[in-house]
Amino acid sequence: MDKLLLRQQVLDRLAQDLEQAEQAARAAHETATHEENIAENKYDTLGLEAAYLATGQARRADAIRQAIAAWRQFRPLPFDARLGLQLGALVCLVDADEQQQLLFLGPVGGSMKLHIGAQLVQVISSEAPLGRALLGKGEGDEVSLQVASSRQQFEVLWVH
C-alpha cells in the first residue's frame, strides 16, 4: 500500500474540512454582525451566540491549517525493525476476536478513515492512546490498551 497516496488523501480531506470550517465561520460572522441581530434587550442573545460560534469556527480552521502544514512536511519513511513502529508506519493489528484493522500513524489529525480500494485505513496520531502504545513495537508484539473499564489486546500482524 502506497503511504504517499495515504498522505495525499489525508491532505485532501483536511483541505475539504478547512473549506467547510471557513464557510461556517463566515456564515456565523455574518449572522453575528447582521443589523437584524442587534440585541434589543438582555435576553436577545442571537448575535452574541453567533459571535461565539464564529470564534470557535475560526479556531477550528486555524487548527486544520496547522494540521495541513504538519502533513505537508511529513514524509513517511520505510519501516525500520531496529526502531520499531514510528510515525509513517502502516500497521495491521488483530484483536482477540481475529478482527483485523489497518492503521496509519501520522503526525496529527487522528480519527480519519480512508479507503484504499476495498480496504479501510484508520489514521491515528502518536498522541492518541493507541498511537502511543504502538510506538517502538514490531511484528508479533502485543499491545495492551485500557479503554474505560476494559482492557483491549492487539497483536501487530505486519508493519509497512
Are [X] and [Y] connected, step by step, through hydrophobic side chains (Ile, Leu, Val, Met, Phe, Trp, Tyr) whose heavy atoms are closer than 4.5 Å?
{"X": "Leu87", "Y": "Val143", "value": "yes"}
{"X": "Leu6", "Y": "Leu120", "value": "no"}
{"X": "Leu83", "Y": "Leu77", "value": "no"}
{"X": "Trp158", "Y": "Ile116", "value": "yes"}
{"X": "Leu135", "Y": "Phe104", "value": "yes"}

What's the spacing between [X] [atom1] and [Y] [atom2] if we round to 0.5 Å?
{"X": "Gln23", "Y": "Leu18", "atom1": "CD", "atom2": "CG", "value": "10.0 Å"}
{"X": "Thr31", "Y": "Glu49", "atom1": "OG1", "atom2": "CD", "value": "11.5 Å"}
{"X": "Phe79", "Y": "Leu90", "atom1": "CZ", "atom2": "CG", "value": "11.5 Å"}
{"X": "Asp141", "Y": "Glu155", "atom1": "CG", "atom2": "CD", "value": "9.0 Å"}
{"X": "Gln86", "Y": "Lys137", "atom1": "CD", "atom2": "NZ", "value": "12.5 Å"}

What pair of heavy atoms forms the shortest contact from [X] to [Y], and how long is it?
{"X": "Ala133", "Y": "Ser144", "result": "CB-O, 4.5 Å"}
{"X": "Gln153", "Y": "Glu142", "result": "NE2-OE1, 3.3 Å"}
{"X": "Asp17", "Y": "Arg60", "result": "O-NH1, 4.1 Å"}
{"X": "Glu139", "Y": "Leu157", "result": "CG-O, 4.0 Å"}
{"X": "Ala58", "Y": "Ala25", "result": "N-CB, 4.0 Å"}
{"X": "Ala89", "Y": "Val159", "result": "CB-CG1, 4.2 Å"}

Are the side chains of [X] and [Y] in touch, meaning some heavy atoms are under 4.5 Å apart?
{"X": "Lys113", "Y": "Val123", "answer": "no"}
{"X": "Trp71", "Y": "Val108", "answer": "yes"}
{"X": "Gln99", "Y": "Val94", "answer": "no"}
{"X": "Leu105", "Y": "Ser125", "answer": "no"}

Looking only at atom types and distance, does a side-chain atom of [X] sit under 3.5 Å from a main-chain N or O of [Y], one as donor and one as acceptor?
{"X": "Lys3", "Y": "Gly88", "value": "yes"}
{"X": "Arg7", "Y": "Phe74", "value": "yes"}
{"X": "Arg132", "Y": "Ser126", "value": "no"}
{"X": "Asp2", "Y": "Leu4", "value": "yes"}

Between Leu114 and Arg13, is a side-chain contact (heavy atoms from CB on, under 4.5 Å) present by the stated rule, with each step listed? CA-CA 9 Å; Leu114 306 174; Arg13 180 81 58 83; 3.8 Å; yes
Determine whether Gln8 and Asp12 satisfy the following criterion, side chain to side chain donor-acceptor pair (under 3.5 Å), listing intermediate values before the conclusion. CA-CA 6 Å; Gln8 187 57 50; Asp12 292 345; 2.8 Å; yes
For Leu103, enumerate each residue passing the side-chain contact (heavy atoms from CB on, under 4.5 Å) test, keeping only those at least two apart in sequence or located in another chain.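 If we apply the side-chain contact (heavy atoms from CB on, under 4.5 Å) test to Leu103, skipping adjacent residues, the hits are Val91, Leu93, Gln101, Gln122, Ile124, Leu130, Leu134.
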Residues Arg65 and Glu22 bridged, charged N to O under 4.0 Å: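 Between Glu22 and Arg65 there is a salt bridge, with a charged N closer than 4.0 Å to a carboxylate O.
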